[in-house]
Amino acid sequence: MPVITTIADLKRLHKRRTPKMFYDYAESGSWTEQTFRENTSDFDQIRFKQRVAVDMTNRNTASQMIGQNVAMPVALAPVGLTGMQCADGEIKAARAAEKFGVPFTLSTMSICSIEDVAENTTNPFWFQVYTLKDDDFMKRLFDRARAAKCSAIVITLDLQIMGQRHKDLKNGLSAPPKFTAASIADLATKWGWGIEMLQTRRRFFGNIVGHAQGVTDPSSLASWIAEAFDHALDWDRVAQLMKMWDGPVILKGIMDADDARKAAELGADAIIVSNHGGRQLDGALSSIRALPAIMDAVGDKVEVHLDSGIRSGQDVLKALAMGAKGTYIGRAFVNGLGAMGEKGVTSALEVIHKELDLTMALCGRRDVNTLDKDILLIPQGFEGQWQ
Ligand code: GLV
């Protein structure tokens, strides 16, 4: 068993074990990948203030996200094709999350279906939806999520059309993988992954295949997005969807203060400052740089969460100190899953928790619920001066 001390350790193992097309799917941003890179490098620009001779006993990382108790304010983000990183991946990730005491968010583009995850876990999970044209499909999806006792939905607002990720096109991404000379050569070196995959029946988009009509290639994410997603989405439609669900709602993909105000006005339980992990609008600001303006606009009106770029507990601490009430990890848990299945996700959560807890202590603080910017050194002009 390798000694895992960082998310980067898990990432190396993930790359070794998982077919290239799925590893690349997770590790890509759109176009030049500028936003993808800056999501992490901007976190690195923020430093901590070292404090000494401060009592660091009885530390606490437990908190709440949308009123639900969490062992630390770090949820697993919705990630498409998680069940292709490792057989039954969504079930394994959800189990690791529930044992750790953090929320798991199931993507609509998952391999394991809502029902699969509900049957194999005990805690309610969150369910992520896109905004689709087909009202019947949306209603059925909400009914299925209700039947599965999902405790919140996360509506993704920044993916009506898909940002281009070059590697997915070049790799011919599909679930399950189509057999080409390149994919066969790659799969031949990933036999551990292949053996597990042959032992599960969950190899297709479980929430879509057999549920959505008129999808011409159900193995292709890109073709489903092109055919089914609602290009006419506006705030009235968002309000309609929130009413259709009639339960806790988190709106994801907010990068602008006006959009944040609108989301707060609609009564969202939380918003997620997110640029979709740099996978949509390349050239957008990193989410950590966008956070201060959004806190100023709506910090006292709605719970603000942040995703995109978090690879360590130190990143979590920075986001919390800047005002976020919750954070999400996507790639960081997928690295764990691809590396070692459920154990790997647990390991990713342990790494993040330890980094969060120890860094907080070294900054002279004991409770994640009482953090503020005083523990940080934020470079002047961090948010940028844009016209
Ligand atoms: C799906 O949301 C993706 O980013 O691929």
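Indexing begins at 1, ligand by ligand and atom by atom, following the structure's order. All values derive from a computational prediction rather than experimental measurement.
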When every non-hydrogen atom of N39 is compared with those of S287, the smallest separation belongs to OD1-N, 3.2 Å

Closest non-hydrogen atoms of D186 and K20, given as atom of the first, atom of the second and distance, are OD2-N, 2.7 Å

The atoms of ligand 1 lying under 4.0 Å from a heavy atom of R279, numbered in the order shown, are 3 (C), 4 (O), 5 (O)

Atoms of ligand 1 under 4.0 Å from any heavy atom of Y25, numbered from 1 in the order shown, are 1 (C), 3 (C), 5 (O)

So for R165 against ligand 1, with non-hydrogen atoms under 4.0 Å, the contacting part is side chain

Going by the 4.0 angstrom heavy-atom rule, the piece of T156 near ligand 1 is neither

Residue, atom and distance of the protein heavy atom nearest atom 1 (C) of ligand 1 read Y130 OH, 3.3 Å

Do L76 and V345 make a side-chain contact, defined as non-hydrogen atoms from C-beta onward lying under 4.5 Å apart? yes

*According to the interplanar angle, ranging from 0 to 90°, do the rings of F333 and F104 count as parallel (below 30°), tilted (30 to 60°) or perpendicular (above 60°)?*
perpendicular

On the six-membered ring of Y25, is R279 placed so that its NZ or CZ lies under 6.0 angstrom from the centre and within 45° of the ring axis?
yes

